[in-house]
Structures are given as C-alpha cells and as structure tokens.
Number of protein chains: 2
Amino acid sequence: MDLRRLRYFVAVAEARSIGKAAERLRMAQPPLSVQIRKLEAEIGAPLFRRGTRGMDLTEAGQALLTRASEALALAVDGAEAARAVAAGRRGRLSVGYMFVLANAMLPRLIPELRRSVPGVDLDFAELSASTREARLLDRSVTVALCMPAINHPEIQVARIGAQRFMLAMPIRSPLARLGTVPMERLQGRPLIALPPPEQDPASSAVAALLRRHQIVMPIASRVETVHSALSLVLAGEGLAIVPACAKLGAPRGIVFRPLRDAADSIDVAVCWRRDSQSPLISRFIKCAEKVVARM
Amino acid sequence: MDLRRLRYFVAVAEARSIGKAAERLRMAQPPLSVQIRKLEAEIGAPLFRRGTRGMDLTEAGQALLTRASEALALAVDGAEAARAVAAGRRGRLSVGYMFVLANAMLPRLIPELRRSVPGVDLDFAELSASTREARLLDRSVTVALCMPAINHPEIQVARIGAQRFMLAMPIRSPLARLGTVPMERLQGRPLIALPPPEQDPASSAVAALLRRHQIVMPIASRVETVHSALSLVLAGEGLAIVPACAKLGAPRGIVFRPLRDAADSIDVAVCWRRDSQSPLISRFIKCAEKVVARM
DNA sequence: TCAACCCATACGTTTTCGGTATGCCAATGG
DNA sequence: CCATTGGCATACCGAAAACGTATGGGTTGA
C-alpha cells in the first residue's frame, strides 16, 4: 500500500477522469492509468467504472476514497507538525523551577513566554535541586530554572543573572536595626541551612561565603526550601542567608539586610540537556533574561 | 511523502533501534538507515537522537509518530474496507419498492436480509414505477422490487415469482357471492385503473387480460397505487383487478375473488443496473425469492 | 465515415530501492 | 591500554518500479 498510489487514486476520483487527473498531477496519462490498475489489483476489486466519458467510483472505491483522503491529510499534517515542532512553532516546553525563584519570576515569565512561543504548551513543575537534574537528564523537563546552575557534563547552562545574598531575621532581632550587617556579627549565631552541597549546591555558596570571612555559624536546622528556612527564622530558631529574591512572598515579621563587605551573589541560570537542541530553549532563555533583568 | 518511509519510521520508533526494526521488517540494516535519513531530509529536521545504544525519538519525531501511525492504520483500513464492500461484507443496499409488494414482503424480507448481509446498511424507499427505473439508472437505489419487471436495456431482471390477478370488490357486491368470478361478468362494469402502461407496466397486463377475453370495462378512475384503487372500490366507484398480494393490508369491506378461466398472473421481479456487479444483489435476490415463495 | 476523446498496452529510459561489504564511534572488558 | 562488541553510516552494485513516448481500440458525435 503506497501513498503515491493513494494520492493518484484520490486525484482520479476527484477529476473523474484519468486524463484530467494526470494533467493536474503533472504527469502523462498512461503511467497514471497503470498505477490505478495496480491499485485495483492490490485491492482485488475494481475501484472505478470505466465509462466512455471518464471514470466513476464504484462503491468499493468510495469506501477507499474517504479513508485514503484522511490518510493523505494525516501524512502531510504529520510532516508539517514535525517541522513545526522542530522550528519551535509548536510543541511542549516543560519547565522545572525552584519556588524561591519562581515566586519572583513566574508572574512575569509566563506572559512573556506565551508571547514568545505561541502555540507551545507550557508546563511548570516545582522541583528540588536534585529532582531538577534528574528530570532534565531523563528529558521529562526541557529546561530548569536554577540557583545556582547545575554542574553536570550532560547539562548545559546559561547564566541569566545573579542574586545577592541577604541575611533574613525576625523583625525584632537586634541586627534588624542595622541597615547593613557586618559579617563578624554573624559569628556564632545559629544558622538555618539548606540541604548539604551534595544535595543542593546553593548551600555550598553560603558555606564558601562564611568560610572566606572565617565565620562559624552552628547549624540549628536543615530544611528543604528557602521558605521553610524563613518560617524557622520567624520562629526564632536562627538566621538564614538567602538570595534577595526570597523577599517576595516572605512571611510578615521577617526582614532582610545586606551583608557588609560581602558582595557575594548566587548565579541564576537556565539549564538544559546538552543534546536538546530545541529552539524553544533559546527563546526561553531570552524570556528569562528579560524577566530577571527587571527583578 | 511515502507510506513505506512512514512504515519504516514507525517500526524504528517502536523498536528504538534501526537494527531491530530492520529485523522485524525482514530487511537489511543499511537500507533502513538510508530511508530514515531520507525521511529526516524530507522533513528537514532530525526525528531521532542517535545514541550509542540505539535511537530515540526527538520531539519532532514524536509529533510525526502519532500521525504516521494513524495514517498507516487508515491506509490499511481503507484497503480492507474496499475489499469488504467489494465482497459484500459491508456497504449499503438501497431498495426501491412498491407498496403493494412491500407490504407483504418487507416484514419477512428485512430480517432475512439482516441475516444474509450482516454489516450492510439497509435502506428502503417506496417509489413509483417510473421513479424506481430512474433511481436504478442514476444508482441512487441498488435494486428495485417490481411487479412487473422493468424493461430497459441497462436494467437486468430476475423473476422471483408471480402474483395471480384477483378481482377486488365491496363485500356487498352481488359478485361477492361467487367463489370465482367468470370473466364475462365483468363486461361493462366500471374499472378502477392504475396509470397507463407508459407510466406503469402493471396496467398493461390488466389490459391484456381484458382484451384476451374481449371484455370492455369503462375506466371510472385512474389512481396511482393499488391501495388507492381499493379505497375507491370500497366507495363503490368500481371494481379493481389487482395482484393477490394486495389482500394484505386491504381495508375491511373489500373482498377478493379469483377470475374463472383467467390464470393470468403478473411477474414479481428484482431489477438492477446491468453494470452493478455488487454481490449484495445476488444475496438480495436469494432472500427475496425465499420470501416470495412463502407468500 | 471521419474526427475527437478517453483509456489501455508496449517498450525503452531513468529513478529509486534493497543487499553486501565496510567504516566509524563509543562503550565494555580483560 | 588495547581488543572486542554493538550499533549506525557510507559506498557500490544489481534489481525493481515508475515515468514518458508511441500506439491501439472503443465510443461519441458531426
């Protein structure tokens, strides 16, 4: 069963004549006649009644015609759909994100994306650092919004901005009086930490910052997310060092202060599989850059 | 866009490997590899990611896969549907009939047909004699139940039985006393006639019967159908000479009597276009014969 | 009876497809 | 570190299929 034959068949059925159909198909009449007879031989039944004034579908031919037209349409539609997906005009863009970042970015990012990639299904999932990496690798997400970037040979990274570290504390903490908190004031105070570096690279940036200033902060608790950390800070369990964007959506009663002499920041990055060459990725990066720039 | 290529593509996508797919397709690996690359060239985008352990669909490939599978299924289904119609396993059988006959036959004919041609859509239409002929010729009905047969070079006929002529009269008519009515008793009595022979061949059979016995009956009325004739008979407008099957469904107050010395009968026939070679027609004839035999 | 129209057949040419042989690359194992 | 294995890609050749030109045959209509 050959698609060319079906195309010829449909043309002849519509033109009700081999000659007319051959003209429309830009070919000579005899080979078309041959192809139609071969199709009839393949089906095992006549598809046309040959009259003296052209061809006319038999009932079997009509049964074939409807399905053949559909099959043809599906084939060209399939090719077009594949091209559209390859060109980024259609498809799915699945984004893995972390809540701290997304809370600040998504409200602007989503409309930006809808404008930039119309016709593409968007799909967002809040994921922990290690899950983001895993789901990038198994391709169940297309891109991940990370802070900091994922470090993995298969994963490619585009830095789209940075977030300064801020100290988060309860509003009635004595440090809250200061506009900027000197690093040495952190010495010995309890820290609400994120999971250790092997699970979440964010905490290694904090650790590096403290180490550089020779500050030791005992770890009062380890929590999964920045927002959990802020809850413990509010409860007086300790201080947290978090990216500036955590301000958005932080509970009332928490204040944020920059750390004096510590211009440290943490990279905001888009990560994706090195072998995913979808044009949606660069479009996503452009959108994310634009949103981060205005944060 | 070639259906073979799509078939190969689907096979490779399912096997996730060119080698495995080639095995399943009973062909060597290199030509399959070539065909896949040709398909990718035609689409203009890679459909697979080539890994060291086989092939994996890209997003574009997935978009193509769903449609390609559907197109393949439709193509084979189309071929099968055409074969089924040609073999009479599916299709449509459109029957044109006259009410007198159908009234007696349809209740048995329809179940018979459903058993004989399951899967075929049945379609019945009551049509006048001239309309039956016209709609056979333009193929809007497949077969016609006629009494008598249609006479036309393009139309083929199978005689499936005959109906004796009966005299229909009001129950209180003096002739009703007789078990059999001698032809000479009809002389001069008013006749309720059907349309003239050029419109309905049935009336020419009646005319021939009367002429042979040298009976003249003035025509009191011409009506379209046998049942209209019976209504006028009931009203006392005249007598009617009708096929025996008219008894079924005749209004109360009408009696039917055979005509003595007149074994005349009118053929019951199935008619169809000479060039409609559908196997449904012979099945229909068999069913109709069976039903007529038990009338 | 002739011309026009339309489909079918015949034959030579060209395109395309499939098979075999072989190369390249990465992962695996001693 | 080298050899082996597994998988896809490339090259070349023979075979099959399709297309075009030329032509035949049947029907319609002037």
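Just the heavy atoms: all of them, side chains too, but no hydrogens, waters or symmetry mates, feed the values below. Quick caveat: nothing in here was measured; it's all calculated off a predicted structure.
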Any donor-acceptor N/O pair, B:Arg159 side chain to B:Ala269 backbone, under 3.5 Å: no
Close side-chain approach of A:Phe9 to A:Leu57, heavy-atom, < 4.5 Å: yes
Residues A:Arg273 and B:Glu59 bridged, charged N to O under 4.0 Å: no
Nearest-Å distance for atom pair CG/C1', residues B:Asp2 and D:dA16: 14 Å
Backbone of A:Ser94 reached by a side-chain donor or acceptor of A:Thr142 within 3.5 Å: yes
Salt bridge flag under 4.0 Å for residues B:Glu80 and B:Arg89: yes
Donor-acceptor under 3.5 Å (B:Ser276 side chain, B:Ser278 main chain): no
Rounded distance (Å) that lies between atom C1' of D:dG7 and atom CZ of B:Arg50: 12 Å
Atom-pair distance (CD1 on B:Ile18; P on D:dG6), nearest Å: 17 Å
For chain B, the stretch of DNA chain C it reaches, first to last nucleotide, under 4.0 Å of its heavy atoms: C:dC17 to C:dA27
Residue whose closest nucleotide on DNA chain C lies nearer the 5' end, B:Arg4 versus A:Gly54: A:Gly54
Nucleic acid footprint by protein, nucleotides 20-30 of chain D - heavy-atom cut-off 4.0 Å, B for base, S for sugar-phosphate alone: BBB----SS--
Atom-pair distance (CZ on B:Arg37; P on D:dG7), nearest Å: 18 Å
Residue-phosphate contact under 4.0 Å: B:Lys20 side-chain N/O, D:dG6 OP1/OP2: no
For A:Cys287, the option from A:Val270, A:Leu109, A:Ile160, A:Val117 that meets side chain to side chain contact (heavy atoms under 4.5 Å, CB included): A:Leu109
Sugar-phosphate only, base, or nothing, as touched by B:Gly51 at under 4.0 Å among non-hydrogen atoms: nothing
Sugar-phosphate only, base, or nothing, as touched by B:Arg16 at under 4.0 Å among non-hydrogen atoms: nothing
Residues A:Asp275 and A:Arg139 bridged, charged N to O under 4.0 Å: yes
Touch class at under 4.0 angstrom, heavy-atom based, for A:Tyr8 against every strand present: sugar-phosphate
